[in-house]
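In listed order, ligands and their atoms are each counted from 1. If you read the sequence from its start, that first residue is 1, and numbering goes on from there.
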Amino acid sequence: MKKGKIFVVGFGPGDYEHITKRAIDALQQSDFIIGYKTYVELIEHLVTAKSIVSTGMTEEVSRAQEAVRQAEAGHIVSVISSGDAGVYGMAGLVYEVLIELGWTEKEGIAVEVVPGISAINSCASLLGAPVMHDACTISLSDHLTPWTIIEKRIEAAAMADFVIAFYNPKSGRRTRQIVEAQRILLQYRNPATPVGLVKSAYREKQNIVMTTLAEMLNHDIGMLTTVVVGNSSTFFYDNKMITPRGYQRKYTLGEEKQPLRPHQRLKKEAEPWALDQETGIAATGYEELEVKKQVPEQIVPKKSSFEMATLALSLVTKQAQPKPTFIEQKMEAIFEVAVSPGVANKFFTPEQMRTLADLTGDGTMEYTPDHQIVLKIPTDNPQQIVERLEEVDFLVAPVGDVLNVKACDFCYGEKADSIPYAEALQAEFGGMKLPKQLHVGFNGCGMACYKAVFDDIGIVYRKSKFDLFIGAKPVGRTAHAAQPVVEGLAPEQLVPLVRQIVEEYKANAHPNERLFKYFKRVKKILNFDYVDMATKIEIEPAPCGD
Ligand code: SF4
């Protein structure tokens, strides 16, 4: 007699688009399909099985036994679960029945567990990205598990700041469990913690609700709902629920970024919470990030780091403050900002230096090739920092992929005629967010001794007019100067022309694509045709460190 086989198939949320090919293959080669009748109805159209066995919800054991019986009789059988068969599905039960019978992989029938998309993943995709950090699933069904155990698991997950996906939160007869779960969570988490309620993900009656831990019970929660509770850093943005990857957010004016390069990771100064590889000891204090047991009334929601950065940016750019869309975000915040005495001015005053020292405190100050000092300051009040920097006449700018105007010193002001144009460029474009950092070099005479022609956009003032260069590759073994595109541009045409170039680049460049790469790819910016300025000598580009 031929040996049978059991496929334990997870078919995902229930729509055709999200079932795997392996699952369809398994279903189509099966002689028997065995499953809970609601699930069988969901996949019935996909199968050609001779026999379909659908049973009631509480008859899991008999389904597993029937599957084993048919497989031992030489048939190919698919036992189906929604989601993933190995996550609260039928896989474990099938193995348990087989083990009772003394089954071994070598001598018994073949068993293959076909994975599917579990609710934590399908619901997360509909909510945004809430499971970007450590997460767990907890079933609130105390049908097979004592409630005292479930209670401990909820408390442990709450205490350890896991994102939690609650499966089986409620049914006709189990209504108290989700109330208790909320009560336990509120001992550790802010009432404003984001919560997503997803009912029937990817099915006809799909329903998604974004709410908070405090408010979640005011919404419909049923047997088909998965409740996703964020951790202490989860936030809402534009109707999405997002959990950031790390506990420390470094931010700059108007730009969220992850500035750590690979070699900086796990270094004490950058990530002080990591386990010391020599001593096996990790610094304490970081584990208490907002997960101490608290009385809800004592919790005061704070402004998120993004809100603070946005607020600070609005102060610098004098724009109206945008309405905050984050509910809450509690992270250790490092504020990054670039300062310089001015576009043309290269002199720091003693008062400016004292202010920098005072403000930086435990942070860092780094002088950069862009004629700026970049400050990294731990703070929950970036607005105050910006105000104090501006009080001592610093030019304050965001860092990262932004436009930066670098001017020469105009021979210490002796050749000052073009300074107003440099300042006009800074006022309009300084700090503008772009696909990649873009330097505008501005030099006050044809000497171009500050090397404007080696910037992304080079501007040289000559005989009361401007020469314009675009697309330098300023660094690397294949570095080259920018391409001269205009000579003798009338001063009043300078800002409009730069605006057109920047707008075209901003609208059409790929993320991370520098201006010279963009120019090389599209071959034309405005009416300027690309000319290959690179040396004809064949030479391999060398990345950093080589
Ligand atoms: S580029 Fe010309 S104006 Fe500017 S510092 Fe050099 S020599 Fe002076």
At what distance is the nearest protein heavy atom to [atom], and which residue and atom is it?
atom	result
atom 5 (S) of ligand 1	Asp409 OD1, 3.2 Å
atom 6 (Fe) of ligand 1	Cys449 SG, 2.2 Å
atom 2 (Fe) of ligand 1	Cys445 SG, 2.3 Å

- Min side-chain heavy-atom separation Leu425-Val495 under 4.5 Å: yes
- Message: Do Met132 and Ile242 have side chains that approach each other closer than 4.5 Å (heavy atoms only, starting at C-beta)?
- Response: no
- Query: Is Glu513 paired with Lys436 through a side-chain N to carboxylate O contact shorter than 4.0 Å?
  - Reply: no
- Query: What atoms in ligand 1 come closer than 4.0 Å to a heavy atom of Lys415?
  - Reply: 3 (S)
- Message: Can you name the atoms of ligand 1, numbered from 1 with element, that are less than 4.0 Å from a heavy atom of Ala448?
- Response: 1 (S)
- Message: Parallel, tilted or perpendicular, judged at 30° and 60°: which one describes the rings of Tyr461 and Tyr421?
- Response: parallel
- Query: Taking the six-membered ring for Trp, are the ring centroids of Tyr518 and Tyr530 within less than 6.0 Å of each other?
  - Reply: no
- Query: At a non-hydrogen distance cut-off of under 4.0 Å, which region of Cys408 contacts ligand 1 (side chain, backbone, both, or neither)?
  - Reply: side chain
- Please test Asn231 against Ser233 for side chain to side chain donor-acceptor pair (under 3.5 Å), starting from the C-alpha separation and ending with a verdict. CA-CA 6 Å; Asn231 71 13; Ser233 58; 3.0 Å; yes
- Query: How about Cys411: does one of its N, O or S atoms come closer than 2.8 Å to atom 6 (Fe) of ligand 1?
  - Reply: no
